[in-house]
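This report concerns only the one structure given below.
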Amino acid sequence: PVQSNATVSVSAAKAGKINFMIADQSGKIVKQWNENVNEGNNNIFINTERLAAGVYHIIAVNDNNKIVSRFSKQ
């Protein structure tokens, strides 16, 4: 469970840009931003203070991949 901040670990094969989105249970995008990542492991810090309590999906998209993960906000 997330309270006010979350950390997402991203392993990248090469440096580039990743588009992140957070969607609520109905699929509505409630937050969206881009992050530059370096080759290797990266930690992305996400402020979740403005999200209401509930279950969300975080979606990470780059040129070759799309990854979806679920988290709950308290």
Side-chain angles (χ1 to χ4, degrees):
V2 173
Q3 292 183 8
S4 59
N5 292 294
T7 303
V8 175
S9 296
V10 176
S11 179
K14 63 179 183 175
K17 186 180 288 189
I18 297 178
N19 182 27
F20 286 93
M21 295 166 275
I22 295 178
D24 63 16
Q25 282 293 93
S26 70
K28 179 182 174 187
I29 303 298
V30 295
K31 184 172 182 148
Q32 183 171 356
W33 72 99
N34 291 312
E35 290 278 346
N36 292 316
V37 295
N38 298 314
E39 181 179 339
N41 294 324
N42 299 265
N43 287 323
I44 309 298
F45 300 99
I46 305 167
N47 182 324
T48 60
E49 287 181 354
R50 293 187 177 184
L51 296 178
V55 177
Y56 294 88
H57 288 93
I58 184 162
I59 303 135
V61 180
N62 70 2
D63 294 334
N64 303 316
N65 296 302
K66 177 180 180 180
I67 298 172
V68 179
S69 185
R70 187 171 61 168
F71 70 95
S72 61
K73 167 70 168 43
Q74 292 183 334

Contact summary for N64 and N62, nearest pair of heavy atoms: N-OD1, 2.9 Å

Co-members of the apolar cluster containing I58 [side chain, <4.5 Å]: V2, V8, V10, I18, F20, I22, V30, W33, V37, I44, I46, L51, Y56, F71

Would you say that M21 contacts V61 through its side chain, given a criterion of any heavy-atom pair below 4.5 Å between the two side chains? yes

Separation between NZ (K66) and CD1 (I59), nearest 0.5 Å, reads 6.0 Å

Rounded to the nearest 0.5 Å, what separation is found between the OG1 atom of T48 and the CG atom of N5? 6.0 Å

For Q3, I'd like to know if atom CD has over 12 heavy atoms of other residues, nucleotides or ligands within 6.0 Å. no

Looking only at non-hydrogen atoms, find the nearest pair between A13 and E39 and report the distance. O-CG, 3.3 Å

Once side chain to side chain donor-acceptor pair (under 3.5 Å) is applied, do any residues pair with N43, and if so which ones, sequence neighbours excluded? S9

Taking all non-hydrogen atoms of both residues into account, name the closest pair between A52 and K73 and its distance. O-CG, 3.5 Å

Compare all side-chain heavy atoms of H57 with those of Q25 and state whether any distance is below 4.5 angstrom. yes

Kindly compute the distance separating CG (N47) from NZ (K31), expressed to the nearest 0.5 Å. 5.0 Å

